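Here is the structure we will look at, set down as structure tokens.
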There are 2 protein chains.
Amino acid sequence: MKAMTIGKLSKATGVGTETIRYYERNGFLPAPERLPSGYRVYSSDAAKRLKFIKEAQALGFTLSEISELFALTDDPGADCADVNARAAAKLTEIDEKIERLTRMRESLDRLSRYCPADEHPITECSIINHLYGKAGFDA
Amino acid sequence: MKAMTIGKLSKATGVGTETIRYYERNGFLPAPERLPSGYRVYSSDAAKRLKFIKEAQALGFTLSEISELFALTDDPGADCADVNARAAAKLTEIDEKIERLTRMRESLDRLSRYCPADEHPITECSIINHLYGKAGFDA
DNA sequence: CTTGACCCTGTAGTTACCTACAAGGTGTAG
DNA sequence: CTACACCTTGTAGGTAACTACAGGGTCAAG
């Protein structure tokens, strides 16, 4: 839980200082404490949160969806049933994403199996490409 | 393989006509045949491709990454080894996405297990929220 | 043979998410 | 006390991916 300024936080997370301030302005990151000088002071919680945001974005969640995820843990005005319902909805979303990725994975895997690692003339690959095009990347 | 105009394709896929033309302009969709009038004529392959694009986008792939995926099957100037290497790289990417989502899923699942479905006062949830905040959504 | 739903090109506007200044204050090493 | 790297706010610019016209041509039903 060591304190740090925005620059340290930026280096710790790989998220630019301008982006951190942007997140704060738009409510994706809580406003931190300030020094008398006005400098922002962050705890390592902020770093965790930033890392989570980056992860979730890479997985196809928008910033406002990510806010919803945080709302599950942050919202002080929600009761258990509410939190539970929202968690269940998010779980379903995530399960669907996993399922789709898995199907996409299988399509790609099928492609690599048809295509041996050693070099071949294009013609052979073309046949596979063709089959593959028909089979249809059916994600 | 029935032919259709852009409007039919749009209805069949849920992708707007403007978006379809945008994809074509930017090389994400091959230029289709044209009627003497200039009307675009699509086969059901185009519909497959559009659906795939939408799926992949929802899973966090950008349009240019999706182009790379298509390049695996479309590129006539690639040999088997090349195709195979690119397929393997994409497979790794997809595996990483699945892994991250799975970890995220576990965090969320842990949250729901701590939080029984029946209504509770906020206080109990707050404790869980707090714990959860510490445990840290560690995706 | 007109009406209305469709299509064309081209350009400009929108939203989400940053990213880059400008103009100036803060903190600390030498 | 002077560099110099850091911080502040505010505003403006940039990219990806659409989305919405304008101004006009096409086609099938009645």
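In what follows, chains carry the letters A, B, and so on, assigned in the order in which the sequence lines appear, proteins first and then strands, with residues in each chain numbered from 1. Only a predicted model underlies this, so the values are computations on that prediction, with no experimental measurement involved.
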query: Atom CG of L9(B) and atom OH of Y42(B): how far apart are they, to the nearest 0.5 Å?
result: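 OH of Y42(B) is found 6.0 Å from CG of L9(B).
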message: Please report the interatomic distance OG1(T13(A)) to NZ(K8(A)), rounded to the nearest 0.5 Å.
response: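 So the OG1 of T13(A) and the NZ of K8(A) are separated by 13.5 Å.
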query: In whole Å, what is the span from the CD atom of E24(B) to the C1' atom of dC8(C)?
result: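 It works out to 11 Å between those atoms.
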query: Tell me: CD of E65(B) to C1' of dA17(D), nearest whole Å?
result: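 These atoms are roughly 14 Å apart.
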- prompt: Which letters describe nucleotides 25-30 of chain C, given B = protein heavy atom under 4.0 Å from base, S = only from sugar-phosphate, - = neither?
  reply: BBS---
statement: Its contact letters, B for base, S for sugar-phosphate only and - for none at protein heavy atoms under 4.0 Å, make nucleotides 9-21 of chain C read B-------BBBBB
message: Any salt bridge linking R105(A) with E99(A)? Criterion: basic side-chain nitrogen under 4.0 Å from a carboxylate oxygen.
response: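 No salt bridge links R105(A) with E99(A).
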query: Is a salt bridge present between E93(B) and K90(B), judged by a nitrogen-to-oxygen distance below 4.0 Å?
result: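 The answer is yes: the pair qualifies as a salt bridge.
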field: salt bridge (Lys or Arg N to Asp or Glu O under 4.0 Å) assessment of E24(B) paired with R34(B)
entry: CA-CA 13 Å; E24(B) 181 184 333; R34(B) 299 287 187 124; 3.7 Å; yes
query: Does the S43(A) side chain pair with the main chain of A3(A), one donor and one acceptor, at a distance under 3.5 Å?
result: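 No: the side chain of S43(A) does not pair with the backbone of A3(A).
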- prompt: T92(B): what forms a side chain to side chain contact (heavy atoms under 4.5 Å, CB included) with it, not counting sequence neighbours?
  reply: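 Residues passing side chain to side chain contact (heavy atoms under 4.5 Å, CB included) with T92(B): E96(B).
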- request: Verify the ring-centre separation between F28(A) and F70(A): is it less than 6.0 angstrom?
  value: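 No.
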